[in-house]
J.: 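Shown below is the structure under consideration.
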Amino acid sequence: MVETVQRRKIEILVDAPLVRRVVALAEAAGITGYTLLPTLGGAGHGGRWSDDQVAGADAKLMFVTITNDAKARALTDALAPLLQSHGFLLVSGVVDVVRAEKF
Amino acid sequence: MVETVQRRKIEILVDAPLVRRVVALAEAAGITGYTLLPTLGGAGHGGRWSDDQVAGADAKLMFVTITNDAKARALTDALAPLLQSHGFLLVSGVVDVVRAEKF
Amino acid sequence: MVETVQRRKIEILVDAPLVRRVVALAEAAGITGYTLLPTLGGAGHGGRWSDDQVAGADAKLMFVTITNDAKARALTDALAPLLQSHGFLLVSGVVDVVRAEKF
Amino acid sequence: MTGGFEALLSPMILFFVLGAAAAFARSDLSIPEAMAKGMSLYLMAAIGLKGGVQVAESGFTPDMAAAALAGLALSFLIPLPAFFALRRFGRLDTVNAAAVAAHYGSVSVVTFVTGAEVLTSGGLPPAGYMVAVLALMETPAIVVGLWLARRGAAAGTQAKGDLLHETLLNGSVVLLVGSFAIGLVAGKDGFAPIAPVFDVAFRGVLCLFLLDMGLVAARRLREARALTARLAGLAVLFPLVNGTIGVAIAALIGLDVGTAAAFGILAASASYIAVPAAMRLALPQADPGLYLAMSLAVTFPFNITVGIPLFAFLASRMI
Amino acid sequence: MTGGFEALLSPMILFFVLGAAAAFARSDLSIPEAMAKGMSLYLMAAIGLKGGVQVAESGFTPDMAAAALAGLALSFLIPLPAFFALRRFGRLDTVNAAAVAAHYGSVSVVTFVTGAEVLTSGGLPPAGYMVAVLALMETPAIVVGLWLARRGAAAGTQAKGDLLHETLLNGSVVLLVGSFAIGLVAGKDGFAPIAPVFDVAFRGVLCLFLLDMGLVAARRLREARALTARLAGLAVLFPLVNGTIGVAIAALIGLDVGTAAAFGILAASASYIAVPAAMRLALPQADPGLYLAMSLAVTFPFNITVGIPLFAFLASRMI
Amino acid sequence: MTGGFEALLSPMILFFVLGAAAAFARSDLSIPEAMAKGMSLYLMAAIGLKGGVQVAESGFTPDMAAAALAGLALSFLIPLPAFFALRRFGRLDTVNAAAVAAHYGSVSVVTFVTGAEVLTSGGLPPAGYMVAVLALMETPAIVVGLWLARRGAAAGTQAKGDLLHETLLNGSVVLLVGSFAIGLVAGKDGFAPIAPVFDVAFRGVLCLFLLDMGLVAARRLREARALTARLAGLAVLFPLVNGTIGVAIAALIGLDVGTAAAFGILAASASYIAVPAAMRLALPQADPGLYLAMSLAVTFPFNITVGIPLFAFLASRMI
Ligand SMILES: Nc1ncnc2c1ncn2[C@@H]1O[C@H](COP(=O)(O)O)[C@@H](O)[C@H]1O
Ligand SMILES: Nc1ncnc2c1ncn2[C@@H]1O[C@H](COP(=O)(O)O)[C@@H](O)[C@H]1O
Ligand SMILES: Nc1ncnc2c1ncn2[C@@H]1O[C@H](COP(=O)(O)O)[C@@H](O)[C@H]1O
Ligand code: NA
Ligand code: NA
Ligand code: NA
């Protein structure tokens, strides 16, 4: 039976033009592994949106990273002030991973 | 250190033509924020499927919402009777969020 | 109020050509239900990648399954030796589901 | 027009066969879904435009009214015997039988388009107004199918307005009808500058689309758990019977050979876009694996390879 | 050239209307995003190439320099009065007013392309160098917009290099300028073998793209919560005023009718690709729902349907 | 044919350069993946069809058999010296050296296609059967590469059937061979109605595809951590040596200048579709970042810009 350890999974919904900035903040927090997922649309206080690929500012991506508590905290603290103004959505939760040293 | 609170993340796998109905049920439960993710395919009791974009009834989307326990419960209760007949898949879990008032 | 039970959600990031193999291992572990999600890119020890659809070996998919603890363990054990060599990423967590018998 | 069967060796049909063969051999060949959807939209816009331009040239004729009425009647009526055959011989429950029956009353755009190309290259182009007939035949069967389903059991609480809306304003219907109207307004002169895309390129794009249809149909057939031998038999019988009736009616109302063959092809074809989308909404309990297997994985390939030349032949004999 | 308004019945414009109508009727018609993006890239490459080839033929002329200077000046200056109108009459805060103002100083490629097609089919083709003017006008307004925003308040910590980079190397700018350069190098002979794709097919693809733009603009209008009546009014007033000024300036510097009309269309148009992307990066507090609603959901449709024939008419009167 | 180097100023090559420049400058220009995949499928279908039609015209010739045998032999043999060079000079471990070696024994469809266009516009069209030779050369190198990898170490448990299947029925191989067969059956007359899409539009689409390839290759080069100077050197040396040998063999077996140049281009080219997919499955321990960096980010651009004119020149000297 393989051993598992607990890590944090952070998911951030971010506008496509701002992804580079989130990646930079993650790297500053010591996070080097992440995966980007596509999205189709959604709704929130800013109304509905759907990715039409025509307008230059309307696609959103999901930035996902698995990391340890300390780095997760560092990234969350770095992003918190931007959440409101940049329209980011940040969610985190506990997950089990196999290769502890990787995260 | 930013404060986080616990909320519920609900994920619902739903046929594209039925998304409007799920959104309506979510709004009836008081949920106004959600994000839609694309899927590629899968398998279940109904056999395998993959989104070929040719047939009019075979694409599925992932409806994701972060909300509080009460609204999560309301949406789950509203959807439960439809899960079997409509082939929905509903999963929920605990997550940590930053801006508590938003959800 | 509908009753919910706890199950495990396993997410595996896997190279497109190897998806068949993961599906086969999942079936061997008794898992018949799963969903595949697309990804756009990411970064890890192997450097950055993004799905350009031109090279034959660079697209990754997210394989997601909800299952019970025993099957989750069986799949994790079967995959553990491949994680490093095949560049898979495996994450699991606890979720609540409605129709217990389905998973 | 025995030549109909020669069409089996045209690149269009051969690409369909290539796709099907690749899928059966479990090749990983696949067309990106966005490209498939894009080609499907293109084909609908192109056929709508071309039909509209032709009607703008020929004007409205009595033929056209007769064909439209006959088409409407067939779309309303075909689901009834189909329903009973599916219940009795096919052993389906009420809801599934009704859902499948609706598919056969409605029509398949790509089957029509392929048939029209085959007929045209055989020197028997169908009349332009058949695009309008096609559009008219898309939805009545849905109404009948739902009525059949509701008779059996209280079919849950549907938002009726929602459904009517979804059906009449289904993307494929809107694009087809809208393009037809644009073709009518633009006429031959307005169409000329866009003809390189919508006319000259048409057959080449159709080849690539049929390659995808071959892949999709064969993959679906391989995965079709719900498809019994009886149901597969019905999925061949329905186009044979409906298509023959279609050609006969067309002959009766005096259509020319090419147009009559196209009418038969419409009657024989089964929907896999508008009707499944409507059924998923209105009869979510019905199994999409079942109705798509029948219409897309059996009837569509049958019509492309056997049905089209057969109805062309029948039409040339009856008229 | 009263004929400008006849263009309203050309398939291009009718497809735009079809898309808008479908979206207003809440049809589920939609173009896959990858296809929309692909068509948008194709249109930019094609117009860049064609402009470059034409300049390779005609050589550099004094007209060209005059038009370029005038275009640059307009892109720098238009945001200033627009900003004050948005603050006073539109009641926007500094940041949002600055963001919106930048959009109107910049330009819309598809508006220009549609205008050029309408003018060409009316016998008044604009000069090839207008593509270079278009490229020049894309970015200056962004600089002015940011300066306006910063005056008001410390606008946070922007990575300046990042922004300059994003703006000057925005994909659409690079593709347009790059294709223009390739057209210049290739000339008429080098262009001939690729003309079937980039020239002959151009108008047909534009039809499908305008169908999508109709859908996108109308959907956005329906969802636009932030759009007040005052702002909608400004989104119509801006193109009217800017376009008229543009035509007048073009007449003063001695451009021909078609080129002057195209110049007016550029001045009237508002960006919805390069500027929103830059604003999202540099002024993330500004509401994209607002600036996209104005430029894409109001000004774009206005220009496509009213602006283009209007500025063609004005140019034919003034010159 | 010194003119080969003039081809560097053709729009095809310039679009490739534009893409690479945009990526190096970190522009956000990008082609939607679905569009890139779609164009890649289109190019394979088109070249297969055209090759088949040409062979249907010319019939089977002894030349063809000779070229096929020579191509097969090269695909089997090239990996052996490449493997040793990668082990010794490149300092790779057995598994990675074997994986890379397989790429160089196999071929790149787009390199061939670009070369064939350059040769054709230089008045030296290669023979149609070279498409069949291309298809034959895709897979033997994979077998040799795996054999090399297994010699060194027990390479884990592979489902052998799985792999053979994946390799022989790789989507690109199936589409190429299938389209070639369709072209053979259809002949010139059957091809005529679809020629506007598969022939006339070919070069324009190739321009857009090479734009994407420029972006992809340059981005990959920028991210390529695993690429040492030695390996980059080998990625230039391999095409030089293999291409020269290819041209020489072609001269020996008596092929004409254009066909010999194309043969050299095939030998020089390295796979980036079929082989990486097979390697990911059969040798998952090998680093895809490494073999794709070499074949796609170094060898491909080298062949497109230097290799093609060079082998054309060599062929014109040797024959
Ligand atoms: N910590 C992480 N969180 C999320 N995704 C990751 C993480 N590490 C790796 N990945 C993903 O897994 C892929 C392979 O990882 P690696 O084997 O480290 O190169 C990366 O390209 C990412 O897409
Ligand atoms: N509660 C939520 N659950 C999931 N996604 C959300 C939620 N609230 C907002 N979003 C997403 O975040 C985007 C921006 O939210 P907002 O800033 O509220 O407009 C929305 O368009 C949604 O895609
Ligand atoms: N256990 C599971 N885990 C993840 N996805 C599932 C699971 N079961 C079903 N699904 C998804 O839900 C769809 C419908 O399931 P079913 O109704 O069982 O055919 C499947 O095609 C899968 O995409
Ligand atoms: Na029918
Ligand atoms: Na402007
Ligand atoms: Na080679």
J.: Considering only heavy atoms, give the residues of residues 60-78 of chain B separated from chain A by less than 4.5 Å, sorted numerically, with 'none' for an empty result.
T.: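 When heavy atoms of chain A are the reference, residues 60-78 of chain B contributes L61(B), I66(B) within the under-4.5 Å range.
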J.: Pick one of side chain, backbone, both or neither for L13(A), based on which atoms fall under 4.5 Å of a heavy atom in chain B.
T.: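 For L13(A), the side chain is the part near chain B, not the backbone.
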J.: Once ring pair (Phe, Tyr, Trp, His ring centres under 6.0 Å) is applied, what residue pairs with a partner in residues 67-88 of chain B remain, sequence neighbours excluded?
T.: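 Listed once each, the pairs are H86(B)-F88(B).
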J.: Select all residues of residues 27-42 of chain B having any heavy atom within less than 4.5 Å of some heavy atom of chain A, and report them by number, or 'none'.
T.: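 The residues closer than 4.5 Å to chain A, in numerical order, are E27(B), T32(B), G33(B), Y34(B), T35(B), L36(B), L37(B), P38(B).
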J.: Identify the heavy atoms of L89(A) and R99(B) that sit nearest to each other, and give their distance.
T.: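 Smallest interatomic distance, heavy atoms only, reads CA-NH2, 4.4 Å.
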J.: Output all residues satisfying side-chain hydrogen bond (donor to acceptor under 3.5 Å, both in side chains) with S92(B), sequence neighbours left out; order by chain, then residue number.
T.: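 Counting only residues at least two positions away or on another chain, S92(B) forms a side-chain hydrogen bond (donor to acceptor under 3.5 Å, both in side chains) with R8(B).
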J.: Report which part of Q84(A) has an atom under 4.5 Å of a heavy atom belonging to chain B: side chain, backbone, both, or neither.
T.: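 Both parts, backbone and side chain.
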